[in-house]
Amino acid sequence: MQSTGLNIELIMMIVARAITFMLVIPIHESAHGIVAGWLGDDTAKKQGRITLNPFAHIDLFGFISMMALGVGWAKPVPVDPSKFKHRRLGYALVSLAGPVSNLLAAFVGCLIFVVSSCLLFGAEHWDYIQGTQVQQAIFTLLVDFVSINVMLALFNLIPLPPMDGFNFLRAFMPASFDNWVFRNQRTLSTVFFVLIIIGSHISQVRMVFTFIYNIVQWLIWMSVSWVPMLFK
């Protein structure tokens with residue numbers, strides 16, 4: 001019986017993680033397309049990539065990798081920098097749009113958690129998960145939503161190809177370097193994922209990422225810590 005209980009918990013955890021990723025990925029990818037559209041490139045819009053439908057963005061193997069290893073990828077959003085008035089600046093802004101959207105989504109998730117908890121349980125008891133099983137599941141999903149958004153934002157800000165952090169820096173590199181990156185993009189991407197997998201097994205690398213992750217997540221939760229005062 002105990003084994004069955006553990007299996008059910010494991011299944012629920014996997015389902016919750018899958019749902020969270022399917023909520024988070026469209027936010028990140030659509031943000032790239034939205035900002036590109038603001039800057040004059042409607043390629044993503046024409047290809048139906050500005051949508052919260054996760055199946056428009058998810059790469060099957062990338063999603064499986066994300067679920068199993070915590071490292072994965074989605075279908076790249078098509079962007080045509082030649083349509084930007086200021087090509088390099090536009091590309092930099094589009095690159096930043098994904099991570100910034102995840103941080104904003106994390107903030108919104110925190111806000112929904114705190115407001116809902118205050119309304120249901122009072123301002124004194126907002127900071128821990130309680131209620132019926134359904135309520136606990138929803139609040140746990142919100143916490144996971146915040147956590148994964150922060151993780152995805154920081155992961156994408158790593159300044160290595162093909163991540164958004166690297167593409168942001170790449171926008172300010174010489175044209176010769178940019179061309180070299182474009183020619184070797186597939187190789188660089190493969191090297192990156194190998195380095196990430198190796199790095200995930202190095203305790204010092206994990207400690208640095210976890211330290212930054214904890215600080216950012218704490219700052220986001222602190223940014224909504226004033227909300228309970230409105231319910232007293």
Side-chain angles (χ1 to χ4, degrees), residues 1-31 34-35 50-55 57-58 63 66-72 74 96-157 164 206-232:
M1 292 298 292
Q2 187 176 4
S3 176
T4 303
L6 289 175
N7 288 336
I8 292 174
E9 288 181 7
L10 178 62
I11 291 170
M12 288 179 65
M13 183 185 72
I14 293 172
V15 170
R17 190 174 190 184
I19 291 172
T20 307
F21 275 126
M22 293 179 79
L23 290 172
V24 169
I25 291 172
I27 294 172
H28 181 98
E29 300 301 332
S30 293
I34 290 171
V35 173
I50 302 179
T51 175
L52 294 180
N53 176 9
F55 299 105
H57 305 286
I58 287 176
F63 185 75
M66 198 176 293
M67 289 291 297
L69 305 175
V71 178
L96 280 182
V100 169
S101 72
N102 288 127
L103 293 176
L104 290 174
F107 171 79
V108 172
C110 285
L111 195 60
I112 294 173
F113 180 99
V114 175
V115 171
S116 300
S117 188
C118 287
L119 288 172
L120 289 171
F121 312 115
E124 295 81 10
H125 306 290
W126 71 268
D127 55 345
Y128 60 93
I129 296 172
Q130 56 185 311
T132 65
Q133 286 188 334
V134 173
Q135 289 170 338
Q136 288 182 26
I138 292 172
F139 282 122
T140 300
L141 190 63
L142 281 170
V143 171
D144 289 344
F145 179 79
V146 172
S147 176
I148 289 177
N149 266 294
V150 173
M151 180 188 70
L152 190 61
L154 294 178
F155 183 71
N156 274 277
L157 285 173
D164 294 326
R206 292 201 309 271
M207 286 174 59
V208 170
F209 186 86
T210 301
F211 177 74
I212 297 172
Y213 164 82
N214 287 335
I215 289 177
V216 173
Q217 186 163 228
W218 177 80
L219 288 172
I220 291 175
W221 280 104
M222 286 300 296
S223 71
V224 299
S225 61
W226 54 272
V227 174
M229 293 187 292
L230 300 177
F231 293 87
K232 290 183 178 179

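The CD1 atom of Ile25 sits 9.0 Å away from atom CD1 of Ile148, with the distance rounded to the nearest 0.5 Å. For the atom pair CG (Leu103) and CD (Gln217), the distance works out to 11.0 Å, reported to the nearest 0.5 Å. Going from atom CZ of Phe209 over to atom CD1 of Ile212 covers 8.0 Å, rounded to the nearest 0.5 Å.
Counting heavy atoms from C-beta on, the side chains of Gln130 and Gln135 never come closer than 4.5 Å. When side chains are defined from C-beta on, Trp221 does not count as touching Val216, because their heavy atoms never get closer than 4.5 Å. Contact check for Pro54 versus Phe21: no side-chain heavy atoms found under the 4.5 Å cut-off. Using a 4.5 Å heavy-atom cutoff, the side chains of Asp164 and Leu96 are not in contact.
Checking side-chain atoms of Glu29 against main-chain N and O of His57 turns up no donor-acceptor pair under 3.5 Å. The closest donor-acceptor contact from the side chain of Ser30 to the backbone of Pro26 lies under 3.5 Å. With Ser223 contributing its side chain and Ile220 its backbone, the two residues share a donor-acceptor pair below 3.5 Å.
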Report all side-chain donor-acceptor pairs from residues 104-123 shorter than 3.5 Å, counting only partners two or more places apart or in another chain.
| unit_1 | atom_1 | unit_2 | atom_2 | d |
| --- | --- | --- | --- | --- |
| Ser116 | OG | Ile112 | O | 2.7 |
| Ser117 | OG | Trp126 | O | 3.1 |

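Applying the side-chain hydrogen bond (donor to acceptor under 3.5 Å, both in side chains) test to Asn149 and every residue at least two apart in sequence or in another chain returns Asn102.
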